[in-house]
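Keep in mind it's a predicted model, so treat the numbers as computed, not measured. Basis for what follows: all heavy atoms, side chains included, without hydrogens, waters or symmetry-related copies.
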Amino acid sequence: MDVQLARELIERAQAQGVSLVGPDGLLAGVTRTVLQTALEAEMTEHLGYDKGDPVGRGAGNHRNGSSAKTVHTEVGPVPIEVPRDRRGEFEPQIVPKHARRIAGFDEAVISLYAKGLTTGEIQAHLAEIYQTEVSKDLISRITDQVVDELKIWQNRPLDRVYPVMLIDAIHVKIREGQVTNRPIYVVVGINCQGERDVLGLWVGTGGEGAKQWMSVLTELKNRGVADVLIACCDGLKGLPEAINEVWPLATVQECVVHLVRASLRYAARGHWGAITKALRTVYTAPTVEAAQARFDEFEQTWGAKYPAIIRLWRSSWEQFTPFLAFPPDIRKIIYTTNAVESLNARFRQATRRRGHFPSEQAALKVLYLVIRTPQRNRSNVTGRTHGWKQALNTLVMFYGDRISLN
């Protein structure tokens, strides 16, 4: 029935040459009718009798005309007449007093902002698609609604135990006197139920450093994280020590993907294929001993030409090998921070248009909206970890009662 009605409305609009959107469009007309009907129904409920009903005579309060008003909606600006009562006691709910936007419009603006559009681009989009003029200041005020939500999210209590924690950072340009590259620290946790969640975002100063990571990790501990079983991170100097300072029993796993990428920086591009293929035999080895034997073979082939790669792997060996003690169902979860990398890719997409942010808060607001807005039919950093039950059983064998399912 709904589909048939919609088809009839569209056919009538096409026959009459009426557009779907815009001030004079079909959807604006339908929206106006719905809002106007709802306002009249609210007034009837407020007074206790229908418009024109003789019962209202001498009731003490009655309808007293209306006030013209234009509200912004998802289909464009819609003019309405807000009914008034004699005593001035009527408080409409569907379009509250002083409101110039109805539910849905703000969400549409915030959604566009989360996709990476600037306030100017959103303004142009609304003008082009809906023929509605909205100021940049209004758009900023709408998106600022998430700031309080962001603060609550950033300070929320966390689970006591995270079997897996993924640690990484992204750099964005922020104006602070002058435009500089600033690290934003990102931590993703997988709890005992297998749920992935972004635990927080923190803006750093200067370059990424272990000292700043120590501050971030300490804050997580203060928010309730008493224990981390496995922490996966890149090869930043001093970061493993910072992790173990906060959680002494944590197993620190250096991201294998980061390690391979770092290796390629020392090699000629023509050798990348052969080197990555050889290194793959190392990090897919069944045991630590087998990985050592395969790396010895790698050194015999490439050591003379690229000694820096050999030195890199030797210095990272202690943090590279922990995941080799686990079966495949655990390895694929902890060997890389790619879950954070995929989130960082969405961050970059949302920040690319802007060039730079005017403040730390502006940067955090956009990145938080990216996290809050999962993509449809795509893998997202938040959500359920595939194959978690099997992984959990293996983790219990390794870590025993450190895992809490309560």
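With no hydrogens or angles considered, no side-chain donor-acceptor pair links Tyr306 and Ser263 at under 3.5 Å. Side-chain contact, Asn61 with Asp85: a donor N or O sits under 3.5 Å from an acceptor N or O. Using a 3.5 Å distance cut-off with no hydrogens or angles, the side chains of Thr276 and Arg261 do not pair a donor with an acceptor. Side-chain polar atoms of Arg84 and Ser67 form a donor-acceptor pair below 3.5 angstrom. Defined by atom type and a distance below 3.5 Å, a donor-acceptor pair is missing between the side-chain atoms of Trp388 and Glu195.
Under the 30°/60° scheme for interplanar angles, the aromatic rings of Trp153 and Tyr368 are found to be tilted. Ring orientation note: the planes of Trp302 and Phe298 are tilted relative to one another, at an angle of 30° to 60°. Between Trp317 and Phe295, the ring-plane angle classifies as tilted under the 30° and 60° cut-offs. Between Phe398 and Phe326, the angle of the ring planes lies from 30° to 60°, which puts this pair in the tilted group.
Met165 pairs in a side chain to side chain contact (heavy atoms under 4.5 Å, CB included) with only one of the listed residues (Leu229, Ile230, Leu199, Ile334), which is Leu199.
In this structure, the side chains of Gln154 and Trp202 come closer than 4.5 Å at one or more pairs of heavy atoms. In this structure the side chain of Val225 reaches within 4.5 angstrom of the side chain of Trp247, judged on heavy atoms. In this structure, Val164 and Cys232 have side chains that are not in contact, with every pair of non-hydrogen atoms separated by 4.5 Å or more. Side-chain contact between Leu217 and Val228 is absent, with no heavy atoms from C-beta onward closer than 4.5 Å. Contact of the Phe347 side chain with the Val366 side chain is not registered, since no non-hydrogen atoms from C-beta on lie closer than 4.5 Å. A 4.5 Å side-chain heavy-atom check between Arg156 and Leu158 finds at least one atom pair inside the cut-off. Within the 4.5 Å cutoff, side-chain heavy atoms of Cys233 are placed close to those of Val252. Proximity of Val187 to Leu220: side-chain heavy atoms (C-beta onward) are separated by under 4.5 Å at one or more points.
In this structure, Leu392 CG and Met397 CE are separated by 12.0 Å, a value rounded to the nearest 0.5 Å. Atom CZ of Phe320 sits about 9.5 Å away from atom CD of Glu254, to the nearest 0.5 Å. Interatomic distance, Leu395 CG to Ile333 CD1, rounded to the nearest 0.5 Å: 7.0 Å.
Ion pair Arg294/Glu299 not flagged as a salt bridge, since none of the NZ, NE, NH1 or NH2 atoms sits closer than 4.0 Å to an Asp/Glu carboxylate oxygen. Using a 4.0 Å cut-off between charged side-chain N and carboxylate O, Arg384 and Asp197 make no salt bridge.
The salt bridge (charged side-chain N to carboxylate O under 4.0 Å, His left out) check on Arg402 picks up Asp227, with sequence neighbours excluded.
At least one donor-acceptor pair closer than 3.5 Å links the side chain of Thr301 to the backbone N or O of Glu297. Side chain of Thr385 to main chain of Gly194: a donor-acceptor pair is present (N/O by atom type, distance under 3.5 Å, no hydrogens or angles).
Smallest separation of non-hydrogen atoms from Val179 and Lys173: CG1-CB, 3.7 Å. Minimum heavy-atom separation, Val282 to Trp313: CG1-CZ3, 4.2 Å.
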Can you check side-chain contact (heavy atoms from CB on, under 4.5 Å) on Thr287 and Leu324, steps first, answer last?
CA-CA 6 Å; Thr287 64; Leu324 295 174; over 6 Å; no
Salt bridge (charged side-chain N to carboxylate O under 4.0 Å, His left out) evaluation trace for Arg314 with Asp296
CA-CA 11 Å; Arg314 294 292 185 203; Asp296 291 341; 3.4 Å; yes
